[in-house]
Each structure stands twice: as structure tokens, then as C-alpha cells.
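In what follows, every chain begins at residue 1, and chains take the letters A, B, ... in the order their sequences are listed. The figures that follow rest on heavy atoms only: side chains count, while hydrogens, waters and symmetry mates do not. Remember, it's a predicted structure, so these values are computed and weren't measured experimentally.
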Protein chains: 2
Amino acid sequence: MRIGELAERAGTTTRTLRYYESRGLLTVARDAQGYRTFGEDDLRVLRQIRALRENGFELEETRPFVECLRAGHPEGDSCPDSLEVYRRKLAELDACIAELRSVREEVGARLARAEVEATAGSPHGPEPRCELAPPNPVPDTRQEPEGDTMP
Amino acid sequence: MRIGELAERAGTTTRTLRYYESRGLLTVARDAQGYRTFGEDDLRVLRQIRALRENGFELEETRPFVECLRAGHPEGDSCPDSLEVYRRKLAELDACIAELRSVREEVGARLARAEVEATAGSPHGPEPRCELAPPNPVPDTRQEPEGDTMP
DNA sequence: CTATGGATTGACGCTGACGTCAACGCAACA
DNA sequence: TGTTGCGTTGACGTCAGCGTCAATCCATAG
């Protein structure tokens, strides 16, 4: 199987696969023409990666799962490192949910307070979008002393 | 008041203020030396912006609040456009929280399932971080038909 | 006179996960 | 002999919100 077929079967693009390879997540063999050659195991690895990505895991966080699969285990989460990633993600999710709820309450309160002074307008279609957790962690380059609202 | 003082009083940097100006959020007068000159109203505008940003509002979403303040209203959320932003943000937050909870359940279930097969390891310090909502909406360049898991 | 401190503009860097060219090679089909 | 159609590498673009120089100017303190 070559890169185009694999991409299609995995529901992604060739660019993505080459990117994964550049990150060391895909080990690639070449044929006589210099074309990348993949097998069914690579497809399994890819599906694992995509499944995790869709749940908001960073690419780097999928590495233990990939290595676990490549070590011959039937599932990517059969290894302790993968479980550790699960646990970290759960903690992240819990923290994120708590934070979002607190923000939600504050915004809700502000809206309610502001709506009292003036007659409100007409409801209107919203277009919500959401971020799972990791991508673009809002550059926290500045060192924060201790307890800070995390944006 | 010049830019350095305003930055310090608002708890931000001069770079940030110049950036806001470039986005049209700050209207700036210049003195004889070409230095930017600010007043107390600019400080109020800035505080409004920073407060919203800390709650996960995009810079662009603060614009109605800024314009509301500049229109002479005592609060940035005294105008209908600002309220509309509040409502949109509430919808976003609700959608995001729901999504995160569903992911949390799935990851939790996967962890539980995987923990059954092997004796688990030692708990270990997590380092959670969180995203409020808008920044970096995970490039949805591909057109999705309808119901998709939003990553 | 010069050092210092703050101001100015402009331009590049950074993060993640790719998208999007460009310029090319290689094979099969007409 | 084209011409598709796949593959290759390399490099730049994207999104937000700034950080980080660099070179220069201005005024005040010593």
C-alpha cells in the first residue's frame, strides 16, 4: 500500500502522513521507486492516532499508544505509558471543565445583570465551536506566581 | 499618560498595547514628540479588554464592549452588541462543556477497560492546562457534511 | 558630553498540525 | 508523444496574540 491509499483508508491526507513520519510516529519503508510502502499495521497505528486526535489528544500524546502497538500489543492502550496519558488527560479534562463552568457562571451572571437595565434584544442563531484541551495553550510564557485564572 | 505607564497600570506590556492599537481597539493621540498619549478612559477600555480576555474571549469579541465604552456608556456591556457576544459565548461554553464531558466519559471508560487487563501503575503528578473556547479553532478547512465530532 | 531610560517603527519568531504550492520523477494509457 | 495521475522533497502560509530583537530618537541627570 502506498501513501495515497493509506491516507484515503485512514480518512486523512498524504500531507498528514508525511508529517507524522517527520515526527517519528510512522516508520516507513521504501520500494524500488523510492515510494513509501505501508502495511495493515500502519493503518492500525493511524487509526489509533486519529481516534486520539479526535478526542483532543496532542499528536505527541499519541506516541505511547503508537509505540505500544508497534511493540506487538493488540491495543494501543495495553501499555502503562498509554494509561498514564489517559490519566493525565482525565485530569486535564476535569480541570478544563471546572474552569469552563466557572467562566460560564460568571458570563451568565454578567449577562443577567446587564439585561436588567435595558430591554433585551431578539434571540439569534449561535455558532459554537470548541476546543478539547491541548492545542495552542494560550502562550503562558510569562511566569505566573501561583493561583491564576488559566485562560 | 504614556504607553509604559498605561501598560504597567493595566498589567500588560507596551507591545500588547501597540498590538491593540494596530487592531483598532485603542485610539491614540500623539504628543509633540510623537509619543502616544493616553487618558483614564483608555485605561478603562484596557481593563475591559483584559477582563474579557481572561475569560476566554477573543480579542475581536471585545470590540463591541470597547465601542460601547467609547460611546460614553458607563459599562462595556451596556450595549446590545455586547450582550449578543455574551450570549454567543454562553452558547459556546455550553457546547464546549458538553463536548468535554462526553470526551471525558469516553476516555474514562477506555481507561477503566484497559486497567482491567493489567495491574495499574503508581499515581503521578499531572499538569493540567486548559483552553477556554475560541483560540485556534482546529482548522476546520474541510467542509463537514453535518454531524461531526468537533475536535 | 555622555549615559540612561523610555519612546518610536519595522520585522521576524513562536506554538500545532497541517494546507498549499513548486518543481520534479516515474509509470501506464492513448 | 503526450498526458494524466500518482509519487517525491522543500519551503512557505495559516491562525492569535503577542515576545523579542534592532536601529533610532528624545529628554533628562550626572
Looking at [N], I'd like to know if its phosphate oxygens (OP1 or OP2) sit under 4.0 Å from a side-chain N or O belonging to [X].
X: B:Arg30; N: C:dT9; value: yes
X: B:Thr13; N: D:dG19; value: yes
X: A:Tyr19; N: C:dG16; value: no
X: B:Gln33; N: D:dA27; value: yes
X: A:Arg36; N: D:dG7; value: no
X: B:Tyr20; N: D:dG17; value: no

- Message: I need the A:Thr62 OG1 to A:Arg53 CZ distance, nearest 0.5 Å.
- Response: 8.0 Å
- Nearest-nucleotide 5' precedence on DNA chain C, B:Phe38 against A:Arg50: B:Phe38
Could you state the [atom1]-[atom2] distance from [X] to [N], rounded to the nearest angstrom?
X: A:Tyr35; N: D:dC6; atom1: OH; atom2: P; value: 11 Å
X: B:Glu61; N: D:dA16; atom1: CD; atom2: P; value: 11 Å
X: A:Met1; N: D:dC6; atom1: CE; atom2: P; value: 16 Å
X: B:Glu60; N: D:dA16; atom1: CD; atom2: P; value: 9 Å
X: A:Leu17; N: D:dG7; atom1: CG; atom2: C1'; value: 13 Å
X: A:Leu52; N: C:dA17; atom1: CG; atom2: C1'; value: 15 Å
X: B:Glu54; N: D:dG17; atom1: CD; atom2: P; value: 14 Å
X: A:Arg18; N: C:dG16; atom1: CZ; atom2: P; value: 22 Å

So if I take every side-chain heavy atom of [X] and compare against [options], which nucleotide ends up nearest?
X: A:Thr16; options: C:dT8, C:dC18, D:dG7; value: C:dC18
X: A:Arg2; options: D:dC26, D:dG7, D:dG17; value: D:dG7
X: B:Glu58; options: D:dT8, C:dT9, D:dG17; value: D:dG17

- Message: What I want to check is whether the side chains of B:Thr14 and B:Arg18 have a donor and an acceptor closer together than 3.5 Å.
- Response: yes
- Item | Criterion side chain to side chain contact (heavy atoms under 4.5 Å, CB included) against A:Phe38, the qualifying member of A:Val45, A:Val28, A:Leu43, A:Leu46 | A:Val28
- hbond_proxy A:Arg15 side chain to C:dT20 base (donor-acceptor, 3.5 Å cutoff): yes
- Query: Would you call B:Glu21 and B:Arg36 a salt bridge, taking side-chain N to carboxylate O under 4.0 Å as the test?
  - Reply: yes
- Which pairs, with at least one residue in residues 100-109 of chain B and sequence neighbours excluded, count as a side chain to side chain donor-acceptor pair (under 3.5 Å)? A:Asp94-B:Arg104, B:Glu106-B:Arg110
